[in-house]
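Below is one structure; the comments refer to it alone.
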Amino acid sequence: MAASVQLNAKLLGPAFIVKPATKHFLKPARIRCAAAATAPPTKRYSITLLPGDGIGPEVIAVAKNVLKLAGSLEGIEFAFQEMPMGGSALDLVGVPLPEETLAAAKQSDAVLLGAIGGYKWDKNEKHLKPETGLLQIREGLKVFANLRPATVLPQLVDSSTLKKEVAEGVDLMVVRELTGGIYFGKPRGYGVTEHGEEIGFNTEVYAAYEVDRIARVAFETARKRHGKLCSVDKANVLEASMFWRKRITAIASEYPDVELSHMYVDNAAMQLIRNPKQFDTIVTNNIFGDILSDEASMITGSIGMLPSASLGESGPGLFEPIHGSAPDIAGQDKANPLATILSAAMLLKYGLGEEHAAKRIEKAVLDTLDKGLRTGDIYSAGTKLVGCQEMGEEVLKSVETQVPAAV
Ligand code: IPM
Ligand code: MG
C-alpha cells in the first residue's frame with residue numbers, strides 16, 4: 001500500500017502523500033488550543049516503538065512525548081505500540097527479533113528504534129546477537145536506503161575535533177545501501193582450505209536493480225539538496241565496485257541537473273577530514289556507508305545528535321539515532337535524546353510526509369540548544385548541563401510555544 005509513499009515523500013514532497021486512517025489508534029489526543037483554530041483534520045498513524053537496550057528506552061520515552069505533542073499541534077494522532085528487540089528480546093524470548101515484533105513493525109506506518117546491544121550479549125553466537133536482530137529487521141522491512149545526515153550546527157561547532165574553519169557549515173548526507181553488499185552476500189561462512197587452513201569468508205555482491213534503486217534515491221536526495229552527488233566505491237580493485245560505478249553512471253543520465261562525481265573510498269575517508277564541505281550528498285554501498293557515516297558523524301563532534309532514516313519502496317520506514325546503546329551510561333539519565341528526537345522528525349518528514357510537524361521538532365531542538373542546554377556529550381564551558389529527561393522537557397516546551405506561523 002505504502003509502496004511509493006516512502007520514496008514519494010522525498011521525490012514529490014509531502015503534498016502528494018495520501019494517508020488513509022489506520023485501524024489502530026489510541027483515544028483521540030486533546031488538540032491544543034494554540035493549534036485548534038488552524039489544525040487540519042485529524043490524521044492517524046500507528047508507530048511501532050522499539051526501545052531496545054542500554055539508553056534506548058530512555059531516549060525513546062522522550063522522543064515519543066515529543067512526537068505526540070508535535071503531532072497533536074498539527075492535527076495528527078499516533079497509536080504507539082512498544083515491542084521487544086535486541087538484547088532485551090533475547091532475554092525475554094530468546095531471539096533478537098521476535099516474529100511478533102517484525103509483524104507489528106510491518107503493519108505500522110513507521111518504526112522508531114532506540115538502540116540495541118550491550119556487553120551482556122557481546123559473546124553470543126552470531127544468530128543470538130542483538131546486531132543480528134537489527135540486520136533482520138532491515139531485511140524484513142526491505143529498507144534498502146539509509147539516509148544519514150551529518151550537519152554541523154552553529155551551536156555545536158566547537159564540539160568538533162576538527163578546526164572550526166574546517167567543520168563550520170558542514171552539511172552532508174550519506175545515502176548508504178542497507179540491505180545488500182557484503183553484509184548479506186552469499187556465499188559466506190567458515191571453512192577449511194585444501195591445506196587444512198581455517199578460513200572465514202564473505203561476498204561483496206550487487207545486482208543491477210540494487211544499485212539502480214539506491215542510485216535513484218541518492219540522485220533525488222541530491223536534487224533536493226545542493227545538486228551534487230559523490231558516489232564512493234573501490235572501483236580500482238573490486239569488480240563489485242566497478243559494476244556499482246557503471247550502474248551509477250548509467251542512472252546519472254536520468255538526472256542531468258545533478259552533478260555526479262566518483263571517489264575511491266580511501267580517498268573519501270581522507271577528504272572527509274581534509275575538506276568535508278566539498279561534499280553534499282554521498283552514495284555508497286553497505287559497508288563503506290557504515291564506516292564513512294561514523295566518520296562523517298564525528299565531524300559534527302556529537303554522535304548523540306545524529307538521526308537516520310531507512311526507507312524502502314513499500315511499507316514503513318525505520319528511524320533510529322546513529323549512536324549505539326551506550327551501556328556505560330544506561331539508566332543514569334545522562335543520555336542525549338536529541339538524535340532520537342531528530343529521528344522522530346525524520347519519521348514525520350520522510351516516513352509520513354508530515355513536513356510541518358517535522359519542522360516543529362527540528363526548530364524546537366535548535367531553540368533548546370540556543371538556550372544553552374547541553375547533555376554531557378555536547379557540554380562545553382558556559383552551557384548548562386542537563387540530563388536526558390530535562391532536555392526532553394525543554395524540547396517539549398519549545399514545541400508547545402511555537403506558533404504555527406513560525407513553522
Ligand atoms: C550501524 C551499525 C550496524 C551496522 C551494526 C550494529 C550491525 O554499525 O547501523 O551503522 O553495521 O550497520
Ligand atoms: Mg555503523
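In listed order, ligands and their atoms are each counted from 1. Any value given below was found using the heavy atoms of this structure, including those in side chains, with hydrogens, waters and symmetry copies removed.
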Quick one: CE on M305 to CD1 on I341, what's the gap to the nearest 0.5 Å? 9.0 Å
Taking atom 8 (O) of ligand 1 as the reference point, the nearest protein heavy atom with its distance: D290 OD1, 3.2 Å
Would you say the side-chain atoms of K277 pair up with the backbone N or O of E168, donor to acceptor, closer than 3.5 Å? yes
Nearest protein heavy-atom contact for atom 1 (C) of ligand 1: which residue, which atom, what distance? R148 NH2, 3.3 Å
Residue pair T383 / R374, side-chain donor-acceptor N/O under 3.5 Å: no
Under 4.0 Å between a side-chain nitrogen and a carboxylate oxygen: does that hold for E394 and K384? no
Nearest-contact summary for atom 6 (C) of ligand 1 - protein heavy atom, Å: E131 CG, 3.6 Å
Among protein heavy atoms, which sits nearest to atom 4 (C) of ligand 1, and what does the distance come to when rounded to 0.1 Å? Y183 OH, 3.4 Å
Any heavy atom of E320 under 4.0 Å from ligand 1? The part involved is neither
Geometric cation-pi criterion R247 and Y206, 6.0 Å radius, 45° cone: no
Using atom types as modelled and distance alone, determine if a side-chain donor or acceptor of K228 lies under 3.5 Å from a backbone N or O of Q278. yes
Could you identify the N, O or S atom of D290 positioned closest to the Mg ion (ligand 2)? OD1
Polar contacts were defined as any N/O atom of the residue lying under 3.5 Å from an N/O atom of the ligand; does this apply to R176 and ligand 1? yes
What part of H323, side chain, backbone, both or neither, has a heavy atom within less than 4.0 angstrom of ligand 1? neither
